[in-house]
Amino acid sequence: MSESQLWNDVDDYFTALLAPADDTLAAALSDSDAAGLPPINVAPNQGKLLQLLAQIQGARRILEIGTLGGYSTIWLGRALPADGRLISFEYDPAHAEVARGNLARAGLDKITEVRVGPALESLPKLAEENPEPFDFVFIDADKVNNPHYIEWAVKLTRPGSVIVLDNVVREGAVTDTGSTDPSVRGTRAALELIAAHPKLSGTAIQTVGSKGYDGFALARVLA
């Protein structure tokens, strides 16, 4: 058995036992695939992790940067109370349309909102609305802008809020100091920002599984 097959088998076991599929989540993946969206959504056990982190945080307001087809959005939306609110940014209008359909099917359309356009244009507009601080932020968008997303996450949260940055290992390329890959450089810059930022305390975890060799960073906003 190959190493990658073993990773997949373990993920399948964990998912079946602890994060079993339901019709709504399965339909979200099916509709995303039918619409030609890239299969880069979080794995089911990772979606469940996001949900648990948001629930442990007691999140009432969640910000997501990178919606895709709304699969992770459903996991996060299910962590919210009835009066909660989730705002998600998606660059591609076609992706956003699929996500909205998936969220409506999940019964989350009343507490979730998908905003379309470049996140670095949408985030300042959101800030101008003077929103209530977000309790939880999930960043899973274009990696080159990760440092900017971290900065905006700090501005839009409060002491005690949690920020999760996905895909930080880049199949191990994150250790390459001379990399010219914009995604690697953006990810390294974001991690260095978390390490140096006076308002953040964070760490990063590497993972293996059905999504290959990757990982995520987790940070808490300080007073």
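Everything quoted here is computed from the prediction, not taken from an experiment.
Under the 4.5 Å side-chain contact rule for hydrophobic residues, Leu25 and Leu103 share a cluster. Residues Tyr71 and Val98 do not share a hydrophobic cluster, defined by chaining ILVMFWY side chains whose heavy atoms lie under 4.5 Å apart. Under the 4.5 Å side-chain heavy-atom criterion for Ile, Leu, Val, Met, Phe, Trp and Tyr, Ile163 and Trp152 are members of the same hydrophobic cluster. Connection of Leu63 to Leu120 is established within a shared hydrophobic cluster, with ILVMFWY side chains joined at heavy-atom distances below 4.5 Å, either directly or through further cluster members.
Lys211 NZ to Asn167 CG: the interatomic distance, rounded to the nearest 0.5 Å, is 9.5 Å. Distance check: Phe216 CZ to Asp166 CG gives 8.5 Å after rounding to the nearest 0.5 Å. We find the OG1-CD distance between Thr73 and Glu90 to be 9.0 Å, quoted to the nearest 0.5 Å. Interatomic distance, Phe138 CZ to Ser88 OG, rounded to the nearest 0.5 Å: 9.5 Å. From Arg185, atom CZ reaches atom CG of Asn146 across 14.0 Å, with rounding to the nearest 0.5 Å. To the nearest 0.5 angstrom, Ser122 atom OG is 10.5 Å from Ile87 atom CD1.
Of the possible polar contacts, none joining the Glu151 side chain to the His148 backbone as a donor-acceptor pair under 3.5 Å is found. In this structure, the side chain of Gln57 engages the main chain of Asp135 through a donor-acceptor pair within 3.5 Å. Side-chain N or O atoms of Arg100 include one that pairs as donor or acceptor with a backbone N or O of Val114 at under 3.5 Å. Between the side chain of Thr157 and the backbone N or O of Ala153 there is at least one donor-acceptor pair closer than 3.5 Å. Remark: side-chain polar atoms of Lys143 are paired, donor with acceptor, to backbone N or O of Ala141 under 3.5 angstrom. Although no hydrogens or angles enter the test, the distance criterion places no donor-acceptor pair under 3.5 Å between the side chain of Thr67 and the main chain of Gly70. Between the Ser161 side chain and the Arg158 main chain, a donor and an acceptor come within less than 3.5 Å of each other. In terms of modelled atom types and a separation under 3.5 Å, the side chain of Asn45 and the main chain of Thr15 share no donor-acceptor contact. Judged by distance alone, with hydrogens and angles left aside, the side-chain atoms of Lys48 form a donor-acceptor pair with the main-chain N or O of Leu18 at under 3.5 Å.
Between the side chains of Tyr149 and Asp142, at least one donor-acceptor pair of N or O atoms lies under 3.5 Å.
Here Asp22 pairs with Arg78 in a salt bridge; the nearest charged N to carboxylate O distance falls below 4.0 Å. For the pair Arg105 and Asp31, the salt-bridge criterion is met [side-chain N within less than 4.0 Å of a carboxylate O]. At a threshold of 4.0 Å, the pair Glu132-Arg60 counts as salt-bridged, since one of the basic side-chain nitrogens sits closer than that to a carboxylate oxygen.
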Could you walk me through whether Val42 and Asp140 pass the side chain to side chain contact (heavy atoms under 4.5 Å, CB included) test, one step at a time?
CA-CA 9 Å; Val42 300; Asp140 188 12; 4.2 Å; yes
Check step by step if salt bridge (Lys or Arg N to Asp or Glu O under 4.0 Å) holds for Lys125 and Glu121.
CA-CA 7 Å; Lys125 293 176 183 177; Glu121 294 179 9; 5.1 Å; no
Mind running side chain to side chain contact (heavy atoms under 4.5 Å, CB included) on Asp214 and Glu171 for me, showing each step along the way?
CA-CA 6 Å; Asp214 211 335; Glu171 296 286 340; 6.0 Å; no
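Applying the 6.0 Å contact sphere to CG of Asp83 captures more than 12 heavy atoms from other residues, nucleotides or ligands.
Annotation for Ile56: hydrophobic cluster partners, listed by chain and number, are none (ILVMFWY side-chain heavy atoms under 4.5 Å, direct or chained).
Listed by chain and number, the residues in a salt bridge (Lys or Arg N to Asp or Glu O under 4.0 Å) with Glu129 are Arg115 (sequence neighbours excluded).
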